[in-house]
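Just so it is clear: chains get the letters A, B, ... in the order the sequence lines come, proteins before strands, and each one is counted from 1.
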Amino acid sequence: MRGKIGFFRWFIGLFLLFLYGPAILLPVFAFNTSSIVSFPLSGFTTEWFSVLLTNGTLHVAARNSLLIAITTAIFSTLLAVLAARASTRFSFFGRRSIMGFVMLPMVLPEIIIGVSLLVVIIQMGFELSLWSITMGHILICTPFCIAILSSAFMNLDKSLEEASFDLGQTRWNTFWLVIFPLVMPGIIASLLIAFTISLDEFIIAFFLAGTEPTLPVYIWGQLRFPAKLPGLMALGTVLLLVSIGLLLIADFFRRRGIRKTGIENTGGFL
Amino acid sequence: MADFQKWRRSESAQGLFLISPTLGFALLLLAVPLIMVVALSFWTQDYLTLDRTFTTANYQTAWTEPMYQYLMARSLKISIFVTAVTVLVAYPVAYFISFHVAPKRKAMWIFLITIPFWTSYLMRIFLWKVILGYNGVINGTLTGLGIIDEPLSFILYNQNAVVITLAHAWIPFAILPIFVALERVDRSLIEAAEDLGDSGLRRFFRVTLPLSMPGVIAATIIVFIPTIGDYVTPRLVGGPNGLMISNMIELQFKKANNAPLGAALAISAMGIVTFFALVFLWMNRKYVRGPS
């Protein structure tokens with residue numbers, strides 16, 4: 001028995017090292033004085049972070065990415081609320097196949113989505129722009145939002161709704177006064193997840209980017225220049241902290257939602 | 001008319017009405033574009049002019065040209081390797097969290113496993129280059145410790161590097177479904193097997209593993225299908241011998257300006273991957289479940 005536990009300890013330890021390796025190296029090189037990203041380390045500096053503050057192209061790319069991520073978060077959550085509510089509350093013709101189709105982007109290789117949207121935009125004679133990237137992002141984020149919101153809607157007790165009807169409330173009031181407050185944490189979690197996915201998405205953005213770059217497209221362009229790498233490490237560190245912060249907030253709301261509906265917390269995201 | 005009024009108030013109508021915006025969006029931005037890609041793959045392009053006469057020439061090129069055959073076979077091989085490595089590593093981790101972690105801490109562990117996934121995707125791949133490189137972290141540590149004299153060169157700019165980097169990227173997606181399946185395994189069944197005299201390993205292979213197979217299957221599909229579509233990892237860490245079919249698809253759509261051939265390659269790749277996934281599902285149904 002002890003041997004078995006010992007094996008697991010070693011295995012999990014190595015696994016965590018493998019898993020966290022890149023994430024640990026990111027801040028290590030971001031604070032390293034050398035402009036070459038390799039060991040041994042030469043000294044401590046915050047220079048690479050101050051470089052970020054004065055980089056105009058970077059700021060434009062960051063603004064584009066924020067704009068896309070906020071739009072994506074709002075629209076994919078809206079679409080996901082409708083789908084999650086429909087699929088958990090009502091049984092309708094072809095529900096399983098419709099849901100399967102809407103969830104398809106989750107398993108489809110992203111290059112297929114990028115390519116197919118590119119083809120449509122060019123065939124229709126539209127220009128590639130930030131809008132085309134946003135459309136692609138809404139498409140791939142919606143399934144993740146549906147997954148989160150479905151569990152939020154599924155945990156709802158139908159009798160609460162019926163009680164509201166019995167007490168004379170309309171459908172519309174019932175939704176706003178009873179259902180919406182209960183699924184609110186799920187909605188916030190969904191907004192944050194979609195925002196985070198969109199902020200980091202590269203494969204689709206690279207296919208659909210016109211002249212205006214998003215943050216990952218900008219990073220891709222800079223990866224070719226060795227001199228820019230320490231700055232990218234600093235940028236990566238900032239992005240990692242932002243993502244983790246957002247996810248902690250999302251997880252907090254998800255847990256609160258679970259507590260509200262009175263069910264034991266068992267899993268995490270996704 | 002009365003019938004319509006009645007239908008309009010039914011569950012079915014309300015559900016369909018509610019889901020219609022999401023469905024419409026998916027039809028417009030997923031179904032229509034996919035159909036257009038299929039159409040495009042049967043057309044030809046000469047520089048910028050598109051010839052809309054039906055032809056299977058693109059598919060003939062995609063399936064007979066040795067370079068494309070070779071890339072396709074290599075991509076498939078890499079994807080299968082990545083899937084196998086990912087699932088084999090993910091299972092013990094999921095098992096550990098489900099069976100050896102206190103119930104209160106499980107959510108924290110799952111969170112811990114998803115965090116590295118939120119490091120910038122491009123940066124993560126680039127950092128693997130730093131870890132695996134000739135003067136990288138692994139070689140530096142091993143030479144520093146005196147384990148090796150010469151830096152290892154077989155770990156970067158080849159298919160091994162692609163497999164490691166992709167496995168790292170997909171492992172959270174494999175752990176989660178296996179974990180969920182393991183959580184659903186009725187613990188009393190394992191106790192029953194123990195009472196009936198099955199030893200630890202036998203108990204695992206006869207009870208726990210078969211009951212968690214749905215999770216393993218889900219993990220396999222979730223990792224296998226999207227892996228074929230990654231063109232960034234092969235480009236950054238794969239070197240010339242590590243390029244995959246997606247790199248060729250990207251090339252055809254962008255620099256080579258032959259979108260129809262790119263479309264045919266993309267659809268062929270999707271078809272092959274789907275075929276393999278279906279064969280895998282079928283084999284599972286046939287051999288793993290056993291007589292019921």
Side-chain angles (χ1 to χ4, degrees), chain A residues 4 8 11-12 15 18-23 25-26 37-39 79-80 82-83 85-87 90-93 95 98 101-102 104-105 107 109-112 115-120 123 135 139 142 196 200 202-203 216 219-220 223 232 236 239-240 243-244 247 251 265-270, chain B residues 11-12 14-16 18-19 21-23 25-26 29-30 32-34 36-37 40 89 92-93 96 100 106-107 110-111 113-116 118-124 126-128 130-131 135-137 140 168 171 176 180 183 221-222 225-226 228-229 231-232 246 249 253 259 262-263 266 270:
Chain A
K4 206 171 109 193
F8 263 125
F11 184 82
I12 298 296
F15 169 74
F18 165 71
L19 194 66
Y20 275 84
L25 287 178
L26 200 56
V37 177
S38 80
F39 283 106
L79 291 174
L82 296 175
R85 173 77 176 149
S87 74
F90 301 100
S91 60
F92 49 90
F93 176 75
R95 184 178 70 176
I98 289 177
F101 173 66
V102 172
L104 190 64
V107 286
E110 288 185 344
I111 192 172
I112 301 289
V115 158
S116 56
L117 286 174
L118 181 73
V119 167
V120 167
Q123 292 293 310
M135 288 296 151
L139 191 64
T142 306
T196 320
D200 189 39
F202 172 72
I203 293 186
I219 293 173
W220 175 254
L223 274 177
L232 288 183
L239 287 176
L240 178 62
S243 303
I244 293 178
L247 286 168
D251 197 55
N265 182 19
T266 46
F269 273 120
L270 310 175
Chain B
E11 283 232 334
S12 192
Q14 285 181 17
L16 278 174
L18 208 54
I19 204 165
T22 318
L23 180 63
F25 184 81
L29 274 111
L30 187 64
V32 171
L34 285 177
M36 285 196 77
V37 172
L40 184 71
V89 175
V93 177
F96 173 79
H100 292 285
K106 281 180 183 172
I110 291 295
F111 192 61
I113 277 162
T114 39
I115 286 178
W118 303 103
T119 328
S120 158
Y121 164 74
L122 291 172
M123 226 66 103
R124 231 179 323 158
F126 174 78
L127 284 161
W128 275 107
V130 177
I131 295 174
N135 293 316
V137 178
H168 179 259
I171 206 133
L176 291 172
V180 170
E183 284 289 283
I221 301 291
I222 287 175
I225 297 180
I228 207 105
Y231 60 83
V232 183
S246 304
I249 296 171
F253 271 96
M270 266 314 286

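Of all heavy-atom pairs between A:Ile12 and B:Val93, the closest is CD1-CA, 4.0 Å. For the residue pair A:Pro109 and B:Gly229, the shortest heavy atom distance occurs at CB-CA, 3.8 Å. For the residue pair A:Phe93 and B:Leu16, the shortest heavy atom distance occurs at O-CD2, 4.0 Å. Considering every non-hydrogen atom in both B:Ile19 and A:Ala86, the closest pair reads CB-CB, 3.9 Å.
The residue among A:Leu26, A:Leu82, A:Leu240 with the most heavy atom pairs within less than 4.5 Å of chain B is A:Leu82. With respect to chain A, the highest number of heavy-atom pairs below 4.5 Å among B:Ala263, B:Ser120, B:Ala259 belongs to B:Ser120. Of the listed residues A:Ile111, A:Ile244, A:Leu118, the one with more heavy-atom pairs under 4.5 angstrom with chain B than any other is A:Ile111. Considering only heavy-atom pairs separated by less than 4.5 Å from chain A, the leading option among B:Ile171, B:Ile228, B:Val180 is B:Ile171. Among A:Met135, A:Glu110, A:Arg95, A:Arg85, the residue making the largest number of heavy-atom pairs under 4.5 Å with chain B is A:Met135. If you tally non-hydrogen atom pairs under 4.5 Å between each of B:Pro116, B:Gly262, B:Pro92, B:Pro226 and chain A, the highest count goes to B:Pro116. Of the listed residues B:Leu23, B:Leu29, B:Ile225, B:Leu34, the one with more heavy-atom pairs under 4.5 angstrom with chain A than any other is B:Leu29. Annotation: maximal heavy-atom pairing with chain B below 4.5 Å, among A:Val115, A:Thr142, A:Val102, occurs at A:Val115.
From A:Ile219, atom CD1 reaches atom CE of B:Met123 across 4.0 Å, with rounding to the nearest 0.5 Å. Put simply, CD1 on B:Ile249 and CD1 on A:Ile112 are 6.0 Å apart, with the number rounded to the nearest 0.5 Å. With values rounded to the nearest 0.5 angstrom, B:Trp128 atom CH2 is found 9.0 Å from A:Leu25 atom CG. Residue B:His168 holds its NE2 atom at 9.5 Å from OH of A:Tyr20, rounded to the nearest 0.5 Å. Here the CG atom belonging to B:Leu30 is positioned 5.5 Å from the CG atom belonging to A:Leu139, to the nearest 0.5 angstrom.
In this structure, the portions of A:Ile203 lying under 4.5 Å from any heavy atom of chain B include both its backbone and its side chain. At a 4.5 Å heavy-atom cutoff, the contact between A:Leu223 and chain B is made by side-chain atoms alone. With a 4.5 Å cut-off on non-hydrogen atoms, A:Ser91 touches chain B through its backbone and its side chain both. B:Ala266 touches chain A through backbone and side chain together, each having a heavy atom under 4.5 Å away. Only the side chain of A:Phe11 comes within contact range of chain B, with at least one heavy atom under 4.5 Å from a heavy atom of that chain.
A search for ring-ring contact (aromatic ring centres under 6.0 Å, His included) contacts involving A:Phe15 returns nothing, not counting sequence neighbours. Qualifying side-chain contact (heavy atoms from CB on, under 4.5 Å) partners for B:Pro33, counting only residues two or more places apart in sequence or in other chains: A:Ser116, A:Leu117, A:Val120.
Between A:Trp220 and B:Tyr231, the distance separating the two ring centers is not shorter than 6.0 angstrom.
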